[in-house]
Amino acid sequence: MTIVRVALPLPLPQVFDYAASDASAADIGRCVKVPFGRGERSGLIVALDAEAEVDLARLKTVHHIQRDVPPLPADWLELVAFVARYYHAPIGEVVALALPPGLRRADGVSGEDEDPLLEIAPAGHAALGAARRPSKALALLQALAQDLAPWRRSVIREREGGEAVGELLRRGWLGVAVDEAQRRGTTGALPVLTDEQDGAVRAILQTGEGFRTWLLQGVTGSGKTEVYLRLAEQMLSRGRQVLMLVPEIALTPQLERRVAQRFAAANVVSLHSGLADGARSRGFVQALSGHADIVLGTRLAVFAPLPRLGLILVDEEHDASYKQQEGVRYSARDVAVWRGRQRDVPVVLGSATPSLETWYHARAERYALQVLNQRAVAASMPTVRCIDVRRLKLDEGLSPGLKAAIEQRLARGEQSLVFLNRRGYAPVLSCPSCGWVSRCPHCSANLVVHLADRRLRCHHCGCDGGIPHACPSCGNQDIQPFGRGTQRIEARLAELFPQARVLRVDRDAARTRKQWESLLATIAEGGADILVGTQMMAKGHDFPKLTLVGVVGADASLHAADFRAPERLFQQLMQVGGRAGRGTLPGEVLIQTEYPAHPLYLHLARHDFDAFARMELQERRSAGFPPFTYQAMLRADAPALDDAVEFLRHARRLAEERAPEGLRIYDPVPMRMTRLARRERAQLLLEADQRGMLQGFLAGWVALLYCQRTARELRWQLDVDPLEV
DNA sequence: AGCACGCCGACT
DNA sequence: GTCGGCGTGCTC
């Protein structure tokens, strides 16, 4: 009889032993169903065991081992173990987050869905030539005939009328393309590389296939993606797999299209949380079996098993969405770098505005650096200018200068974008006579006025209600929305420029992926003259007719409490500024500010990220912030603030008893947003100058915390390398 | 996390 | 007399 060690998706820091008569070493890494308590659970075999760690009498027997799918390889188990160790999370929870849910359930996976490479068969050509009654199938075939063959079945399915692909196969009009391996490679004419792009590609390839982390720092429009594609092409031609991470699902479709077009014959698999269970499992299994050539996905894709891995690309590496903000708070970018080292393959981190951690590593020569300063498209960098609004009379937040600039664009038939990182009509509704403000009943936040659908809404917990006609406290009829959001700016712009088509692009207007894509299409077709948008608009999209970006209300982040606020502001402004003038028309960025001489804006105006980074790092060094120190944050939440704080005080005492020299333990404090969704939150910060020392301490401390019995309504979690402090 | 067991208040 | 509150402890 064999004893297997099983990781189960529970918040427990242990694994469980089971008996399995027919198990062997070949089953390590396989999913299992096991009896647990009085029910059944699915888990993963992480090891075989010579002897059980519990009495044999307590040992239960595995119900089922899933053998239809190849086992997860040893390096994958190692990766999961590393994440559990580094983030101090139970191994089972990491397995649960790394494995697609459908796969873990181990209930007869549909098997690997073949995604064959198809081309038009002789019968198909005959059908095209013959006079036939129009049909859906024929229409699809005709559309395909206009295209460059071959295509993946899945790619055809996604195009217009793609449902008919099954019909085409049944009729024998489409057949499996011959000689798949030989077709692997690029199709069509490749764009000519700039000298910088070419230099970067050569440099990265020349260092060989071993591990090395690269920072590819390229201004918006410098063609980082083309560099990724060239590197990927090389790796594919060597028979290796490529892992490409992108920040958000919203960005995957267009990149997916571009990658699929470039490597028409390669098997490109996308992995993100928006996928249905089945599709995610299939993509994962394709990666695992080595049938996927390129895995393109969001942070969870960093866990895709890749037997032939040759290269890891992390696009927009500074993006906060790489860090999971709940449960196991891993950073996919950091995990990617660890994985590159583990598998001895290069890792390329790309960004126009790298995180200061990455930038610092590159300067300290722990990472190698490649810089792209020229825009690949025939456009120059936009002019960036501050509008000093201290002595100006603003019209609903808009300065005369910005209005004039918009007017000019309208006259020239170009597009303008007003960037404002605040959704809704106004951030608060308030009564001028008694001082009442629209507070959220569940959070320490104000309810935001949404005039578009006449609601007051909390942006943190999502609760909402109608807009009262009089002050709920004193009955005053004259209650006022204070401040400005995108809806208000949109309304004012529509009044000011009645002839213009004003389009608002924020999370409210682009609720679903469909809405978002239709907005993008409208903009690209020139169906809008003035855009009002939040940071959604900052993400990599090209609008050739967009030549003006007006920034409103940026000053707020200048004095934010979070030490990373300036970094985020600079990144955001540089990104949104990069939207201006990506075609042949020159772009202009106008920033409305009360601090026109602020160094952040001055560096921005010169497009000098490096100067900004140097300045900011100087401050971080003297203040003792990351990347010069290492942090971990213990957070607790409960219905009553005292309970959360009391737990943290207790945790602090436990920490002090065993703290090594040089570990700094701060006082528990309520979080900045103390109350969220009826729970009060507090946090305790730990800091050290060496990562190893902090990690060593955390291991023992967290083990101790798991043993503490706490009130049922109290939750706690540890955040290693927290983004928000 | 679930889900048991287990000991004290208002109900058919 | 019981249904049910959630405190405590276990799950291979």
- Identify, with sequence neighbours excluded, every residue that meets side chain to side chain donor-acceptor pair (under 3.5 Å) alongside A:Thr358. A:Glu317, A:Ser355
- Applying side chain to side chain donor-acceptor pair (under 3.5 Å), name anything that partners A:Ser321, two or more places apart in sequence or on another chain.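 Side chain to side chain donor-acceptor pair (under 3.5 Å) list for A:Ser321, sorted by chain: A:Asp319.
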- Query: Of all nucleotides in DNA chain B with an atom under 4.0 Å from a non-hydrogen atom of chain A, which is the first and which the last going 5' to 3'?
  - Reply: B:dA1 to B:dA4
Restricting to nitrogen or oxygen on both sides, can you table the protein-nucleotides 5-10 of chain C pairs closer than 3.5 Å?
unit_1: C:dC6; atom_1: O3'; unit_2: A:Arg712; atom_2: NH1; d: 3.0

I'd like to check the salt bridge (charged side-chain N to carboxylate O under 4.0 Å, His left out) partners of [X]; sequence neighbours left out, ordered by chain and number.
{"X": "A:Asp22", "answer": "A:Arg67"}
{"X": "A:Asp344", "answer": "none"}
{"X": "A:Glu53", "answer": "A:Arg5"}

- Once you round it to whole Å, what is the distance between P of C:dC12 and CZ of A:Arg5?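 Rounded to whole Å, this separation is 15 Å.
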- For A:Glu53 and C:dT11, give me the distance from atom CD to atom P, rounded to whole Å.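 Rounded to whole Å, this separation is 14 Å.
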Please table the atom pairs, donor to acceptor, closer than 3.5 Å between any side-chain atom in residues 696-709 of chain A and protein atoms at least two apart or in another chain.
unit_1: A:Trp701; atom_1: NE1; unit_2: A:Ala651; atom_2: O; d: 3.0
unit_1: A:Gln708; atom_1: OE1; unit_2: A:His650; atom_2: NE2; d: 2.8
unit_1: A:Gln708; atom_1: NE2; unit_2: A:Leu704; atom_2: O; d: 3.0

- Query: How is A:Phe36 classified with respect to the nucleic acid when contacts are heavy atoms under 4.0 Å: base, sugar-phosphate, or nothing?
  - Reply: base
- Item | Counterpart residues, ring-ring contact (aromatic ring centres under 6.0 Å, His included), relative to A:Tyr330 (two or more places apart) | A:Phe303
